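What follows is a single structure, written as structure tokens, with notes after it.
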Amino acid sequence: MPEVTQNRSTPESPDRGRFPARRKAEAVVRLLRGEDLDTLSRELGVTAATLSSWRDGFLDGGTAALEGRPADDRDQLIARLQAEVGQLTMDRQPLGMRCRHLEGGRPFASGEAEHLSRSASPSTGKRYGMQRACRIFGLARATADALKAREAVPPEQRPAPGKRGPAGAAGAATDEGLVVHIRRVPAESPFTGEGYRKAWARLRPQGIRTASGRVRRPMRGHHLRAPRRGGHARGPKAHDGTITAEEPDALWGTDRTTTVTTGEGAVHVFVAVDHRTCECVGLHAAKRGDRFEALGPLRQGVRGHFGGFGAGVARGLTTRHDHGSNYLGDDFRREPALLGMASAPGFVREPQGDGRAERFIRTPKGQLLWVRTFAPVAELVEALGEFERTYDERWQIGRHGHRPPSQVRRDRNGGVPTAA
């Protein structure tokens, strides 16, 4: 009986096992060097077809390697552009949905945002996500989450919607209760003719915090608004500069007005105002309105805010005034120069340059000169001094957050009072 030999080319041969890639490459190299296919097949225990497939794969791989090129910046650019195209493709479908909502006049609900976020893009296969849905439809993520949490609660268990605004007595106050507080403001204020803004500002320190518009509405309905004189059409402004100083005691404005006393007739009233804090630094009244009397409020301010009266004591201070005859005299110019003050007159026929003093004069007129009568000038001088103290400590300045002028100066100086 002939001897049966084992076929060493079968993969189940126990003495051969599997060939790693390194041994396959060595076999292919031996074939390429010219060794006989049949002899090498018998030696390795694999079929000639297997050796031929190894050789073909080896050659194909080498050809592909030769055809390739090393990676460069173009590959990174292509990858980035492909990612951007994918993002734009995912944004296109939600944008089309938003256009359909806008054309139909329907708002975009949070439920639709939730549904879209869980959907997948047909082009990329990725989910849109809640962040993309909210961004495209202009819906805040916090709002979407809050509405989602609210919809998860049964309608019968949801709390009743409350009134918007801060909680407490101010937010919960009715219009009738607010009117009671508003009526108390002018009764406690030493001034008259204050509008809804100052009424709103005076209620805030009392713990009644509400919107200024809500204060204005009941004041209009109950005829509590301040009287206001109607204006007239104005042309373009000739003065387009600024009259606001950066620091206190850097620029003072001074001006003059007149009033009438029952005992001595017409009297001149001179004022001086700080352009930074809007503080009244001097009020002076006299029968004569010449250059010597015009120096009165400046002398008061120098003594009160510079701690004395002498040569160079007010160095760095500038005075702003108009072109009145009492402010252009030599005596009015020499004394401020001795004190160290510089002169900065306003533009001719442009009262806006001295607007800070012009605006301040309206206040003593409306709060004192037009509502009280005075017999001698001495009585008027005493009333002006009392008004100056009350104004500096209690008058509210809107541009300073409704703080009084003296508080603005103290805050600017770090709480240190000025020199007396």
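Note that this is a predicted model, so its numbers are computed, not measured. All heavy atoms count here, side chains included; hydrogens, waters and symmetry mates do not.
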message: Any non-hydrogen side-chain atom of Phe58 less than 4.5 Å from a side-chain atom of Leu32?
response: yes
- line: Tightest non-hydrogen contact, residues Ala285 and Val267, listed as CB-CG1, 4.1 Å
statement: Hits for side-chain hydrogen bond (donor to acceptor under 3.5 Å, both in side chains) against His321, two or more places apart or cross-chain, chain-then-number order -> Ser343
task: List for me each residue that meets salt bridge (Lys or Arg N to Asp or Glu O under 4.0 Å) alongside Arg334, sequence neighbours excluded, and say none if there are none.
output: Asp330, Asp331
query: Between Thr277 and Asp274, what is the shortest heavy-atom contact and its length?
result: N-OD1, 3.1 Å
- prompt: Is Glu393 close to Arg389 at the side-chain level, that is, under 4.5 Å between some pair of heavy atoms?
  reply: no
query: What residues form a salt bridge (Lys or Arg N to Asp or Glu O under 4.0 Å) with Glu247, not counting sequence neighbours?
result: Arg412
message: Tell me whether Arg276 is salt-bridged to Asp249, with the criterion being a basic N under 4.0 Å from an acidic carboxylate O.
response: no
- line: So the ring pair (Phe, Tyr, Trp, His ring centres under 6.0 Å) pairs with at least one residue in residues 173-202 (sequence neighbours excluded) are Phe191-Trp395, Trp200-His402
message: If the condition is salt bridge (Lys or Arg N to Asp or Glu O under 4.0 Å), which residues does Arg197 pass it with, not counting sequence neighbours?
response: none
query: Excluding sequence neighbours, so at least two apart, what forms side-chain hydrogen bond (donor to acceptor under 3.5 Å, both in side chains) with Arg225?
result: none
- prompt: Who are the side chain to side chain contact (heavy atoms under 4.5 Å, CB included) partners of Ala344, not counting sequence neighbours?
  reply: Thr318, Arg320
message: If we ignore hydrogens and angles and just use 3.5 Å, is the side chain of Thr262 paired with the main-chain N or O of Phe374 as donor and acceptor?
response: yes
- request: Output, in order, the C-alpha distance, side-chain angles, deciding distance and verdict of side-chain contact (heavy atoms from CB on, under 4.5 Å) for Trp54 and Leu59.
  value: CA-CA 9 Å; Trp54 290 355; Leu59 294 176; over 6 Å; no
field: Min side-chain heavy-atom separation Trp370-Thr259 under 4.5 Å
entry: no
- request: Taking all heavy atoms of Pro297 and all of Leu283, pick out the closest pair and write down the distance.
  value: CB-N, 4.2 Å
- prompt: Is there a side-chain contact between Leu178 and Ile208 (heavy atoms, below 4.5 Å)?
  reply: yes
message: I'd like to know if the side chain of Glu279 and the backbone of Ser406 have a donor-acceptor N/O pair within less than 3.5 Å.
response: no
query: Can you tell if the side chain of Val271 reaches within under 4.5 Å of the side chain of Ile361, non-hydrogen atoms only?
result: yes
- request: Give a yes/no verdict on a cation-pi contact between Arg291 and Phe332, requiring under 6.0 Å between NZ or CZ and the six-membered ring centre and an angle within 45° of the axis.
  value: no
query: Where is the tightest heavy-atom contact between Leu44 and Phe19, given as atom of each residue plus distance?
result: O-CZ, 3.4 Å
- prompt: In a check of side-chain contact (heavy atoms from CB on, under 4.5 Å) between Cys278 and each of Arg409, Arg403, His400, which one passes?
  reply: His400
query: salt bridge (Lys or Arg N to Asp or Glu O under 4.0 Å): which pairs involve residues 178-194, sequence neighbours left out?
result: Arg184-Glu188, Glu194-Arg202
statement: Shortest non-hydrogen pair, Asp290 vs Asn326, comes out as C-CB, 3.7 Å
statement: Pro154 meets the side chain to side chain contact (heavy atoms under 4.5 Å, CB included) criterion, sequence neighbours left out, with Glu156, Gln157
message: Working note: Val281 + Val273, criterion side-chain contact (heavy atoms from CB on, under 4.5 Å); need CA distance, chi angles, decisive distance, verdict.
response: CA-CA 6 Å; Val281 297; Val273 185; 6.0 Å; no
task: Would you please name every residue forming a side chain to side chain contact (heavy atoms under 4.5 Å, CB included) with Gln300, sequence neighbours left out?
output: His284, Glu388
task: May I have the step-by-step check of side chain to side chain donor-acceptor pair (under 3.5 Å) for Thr192 and Gln367, ending in yes or no?
output: CA-CA 6 Å; Thr192 60; Gln367 303 295 330; 3.3 Å; yes
statement: Ala201 and Gln396 have their tightest heavy-atom pair at CB-OE1, 3.6 Å
For residues 24-31, dump all side-chain donor-acceptor pairs below 3.5 Å to protein atoms at least two apart in sequence or in another chain.
from  : atom 1 : to    : atom 2 : distance (Å)
Glu26 : OE2    : Arg22 : NH1    : 3.1
Arg30 : NE     : Glu35 : OE1    : 3.1
Arg30 : NE     : Glu35 : OE2    : 3.1
Arg30 : NH1    : Glu43 : OE2    : 3.4
Arg30 : NH2    : Glu35 : OE1    : 3.0
Arg30 : NH2    : Glu43 : OE1    : 2.9
Arg30 : NH2    : Glu43 : OE2    : 3.4

- prompt: Under the side chain to side chain contact (heavy atoms under 4.5 Å, CB included) test, which residues partner His268, sequence neighbours left out?
  reply: Arg256, Thr258, Phe270
